[in-house]
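A short worksheet on the structure shown next.
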Amino acid sequence: MPRTIDGQITMEKTPSYFVTNEAPQRIHSMAKDTKLIVVVRNPVTRAISDYTQTLSKKPEIPTFEVLAFKNRTLGLIDASWSALRIGIYALHLESWMQYFPLSQILFVSGEHLISNPAEELAKVQEFLGLRRIITDKHFYFNKTKGFPCLKKPEDTGAPRCLGKSKGRTHPKIDPDVIQRLKKFYKPFNAMFYQMTGEDFQWEKEELES
């Protein structure tokens, strides 16, 4: 970590922290007042996105439908598959709540980060005790990637968009598999909503099929 002086905030991003058992205790022992920001999205679309990323690097892997089930005939979901296990947010959050109060954790909606980035970043800036500088005027929507891009201040250069690894087209997944996954995640989502005090309304979304 770089040294931080008064008036500065140091930020670090590692997605695997949230699902790593040792991370909460280690971070707490290093800096127990650390503020934590967790970006979450619908666990079904998250799993498909995860698979899409892996598929781009390893085209020979089995289909999503094969990996998602221990026994598809019986409908037994393979919750040990990391693409699915990561989306059981309530399970991972339990570990963090043993060390950090909810007041130190901000949950950012991945869906809203795409549809209304300024509003989500307003929450982030408030959570971090920052003056609100980033607003609507700093974004434009890139239709090609399907994500908002960040404009540079006073048009000082090309806008900053997410890299090539983001915004990949998802493979077509059997609608029956999506329905089974929605049913699998429903109780875990409900638990997560209760733990955080926030309803992300993932059950109401129309998922890609």
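Ser109 contributes a side-chain N or O that, together with a main-chain N or O of His112, makes up a donor-acceptor pair within less than 3.5 Å. Side chain of His92 to backbone of Asn21: no donor-acceptor contact under 3.5 angstrom is found.
Within the 4.5 Å cutoff, side-chain heavy atoms of Arg85 are placed close to those of Leu91. Looking at Lys182 and Lys186, their side chains never come closer than 4.5 Å, going by heavy atoms from C-beta outward. At least one side-chain heavy atom of Val40 sits less than 4.5 Å from a side-chain heavy atom of Trp202. Residues Ile114 and Pro148 are in side-chain contact: their nearest non-hydrogen atoms beyond the backbone lie under 4.5 Å apart. Inter-residue side-chain proximity for Val108 and Val38 is flagged as unmet; no heavy-atom pair is nearer than 4.5 Å. Looking at Val177 and Phe69, their side chains come closer than 4.5 Å, going by heavy atoms from C-beta outward. At a threshold of 4.5 Å between non-hydrogen side-chain atoms, the residues Ser49 and His170 count as touching.
With sequence neighbours excluded, no residue forms a ring pair (Phe, Tyr, Trp, His ring centres under 6.0 Å) with Tyr17. For Phe188, the ring pair (Phe, Tyr, Trp, His ring centres under 6.0 Å) partners are Phe184, not counting sequence neighbours. Every ring pair (Phe, Tyr, Trp, His ring centres under 6.0 Å) that Tyr51 has, sequence neighbours left out, goes to Phe64. Scanning for salt bridge (Lys or Arg N to Asp or Glu O under 4.0 Å) contacts around Lys35 gives an empty result, with sequence neighbours left out.
If you check the side chains of Thr14 and Glu12, you find a donor sitting under 3.5 Å from an acceptor. Residues Asn42 and Glu111 have side chains that never bring a donor and an acceptor to within less than 3.5 angstrom of each other.
For the side-chain hydrogen bond (donor to acceptor under 3.5 Å, both in side chains) condition, the pairs that include at least one residue of residues 60-74, sequence neighbours left out, are Arg72-Asp174. Sorted by first and then second residue, the salt bridge (charged side-chain N to carboxylate O under 4.0 Å, His left out) pairs involving residues 48-57 (not counting sequence neighbours) are Arg46-Asp50.
With values rounded to the nearest 0.5 angstrom, Ile133 atom CD1 is found 12.0 Å from Leu121 atom CG. The CD atom of Glu22 sits 9.5 Å away from the OG atom of Ser95 when rounded to the nearest 0.5 Å. Remark: Ile173 CD1 to Leu181 CG distance equals 9.0 Å, nearest 0.5 Å. Here CE of Met97 is found 9.0 Å from OG1 of Thr196. Values are rounded to the nearest 0.5 Å. Note that CE of Met11 is 11.5 Å distant from OG1 of Thr4, once rounded to the nearest 0.5 Å. Note that the CG atom of Asp136 and the NZ atom of Lys151 stand 10.0 Å from one another [nearest 0.5 Å].
Ile134 is connected to Ile9 through a chain of hydrophobic side-chain contacts under 4.5 Å among Ile, Leu, Val, Met, Phe, Trp and Tyr, so both are in one cluster. In this structure, Trp81 is a member of the same hydrophobic cluster as Ile61, with clusters built from ILVMFWY side-chain heavy atoms closer than 4.5 Å. When the side chains of ILVMFWY residues are joined at heavy-atom separations under 4.5 Å, either directly or via intervening members, Val39 and Tyr185 end up in two distinct hydrophobic clusters. Side-chain heavy atoms closer than 4.5 Å link hydrophobic residues (I, L, V, M, F, W, Y) into clusters, and following such links, possibly through other members, connects Phe139 to Leu130. Cluster membership check: Met195 shares its hydrophobic cluster with Ile86, using side-chain heavy-atom separations under 4.5 Å among Ile, Leu, Val, Met, Phe, Trp and Tyr.
Glu198 CD: more than 12 foreign heavy atoms inside a 6.0 Å radius. Environment of CD in Gln25: crowded, with over 12 heavy atoms of neighbouring residues, nucleotides or ligands closer than 6.0 Å.
Aromatic ring orientation, Phe200 versus Phe107: perpendicular (interplanar angle above 60°, classes split at 30° and 60°). Taking the six-membered ring where the residue is Trp, Tyr89 and Phe192 present tilted rings, their angle falling between 30° and 60°.
At a threshold of 4.0 Å, the pair Lys123-Glu120 counts as salt-bridged, since one of the basic side-chain nitrogens sits closer than that to a carboxylate oxygen.
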Exercise for review: Determine, step by step, whether Leu84 and Ile77 satisfy the side chain to side chain contact (heavy atoms under 4.5 Å, CB included) criterion, reporting the C-alpha distance in whole Å, the side-chain angles of both residues, the deciding distance to 0.1 Å, and the verdict.
Suggested key: CA-CA 9 Å; Leu84 298 184; Ile77 302 291; 3.6 Å; yes
Exercise for review: Begin with the C-alpha distance, continue with both residues' side-chain angles, and end with the deciding distance and a verdict on side chain to side chain contact (heavy atoms under 4.5 Å, CB included) for Gln104 and Leu36.
Suggested key: CA-CA 6 Å; Gln104 280 176 235; Leu36 306 163; 5.6 Å; no
Check your understanding: Could you go step by step and tell me if Leu67 and Asp78 meet the side chain to side chain contact (heavy atoms under 4.5 Å, CB included) rule?
Key -> CA-CA 7 Å; Leu67 292 170; Asp78 188 358; over 6 Å; no
Practice item. Walk me through it: do Asn189 and Glu203 pass the test side chain to side chain donor-acceptor pair (under 3.5 Å)? Key: CA-CA 9 Å; Asn189 290 346; Glu203 287 69 31; 2.9 Å; yes
Review point. Does the pair Tyr99 and Ile27 meet the rule for a side chain to side chain contact (heavy atoms under 4.5 Å, CB included), with working shown?
Key: CA-CA 9 Å; Tyr99 293 93; Ile27 293 173; over 6 Å; no
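The nearest pair of heavy atoms linking Phe100 to Ala31 is CE2-O, 4.3 Å. For Ala83 against Ala47, the heavy-atom pair with the smallest separation is O-CB, 3.4 Å. Gly75 and Arg180 make their closest contact through CA-NH1, 2.8 Å (heavy atoms, listed as atom of the first residue, atom of the second, distance).
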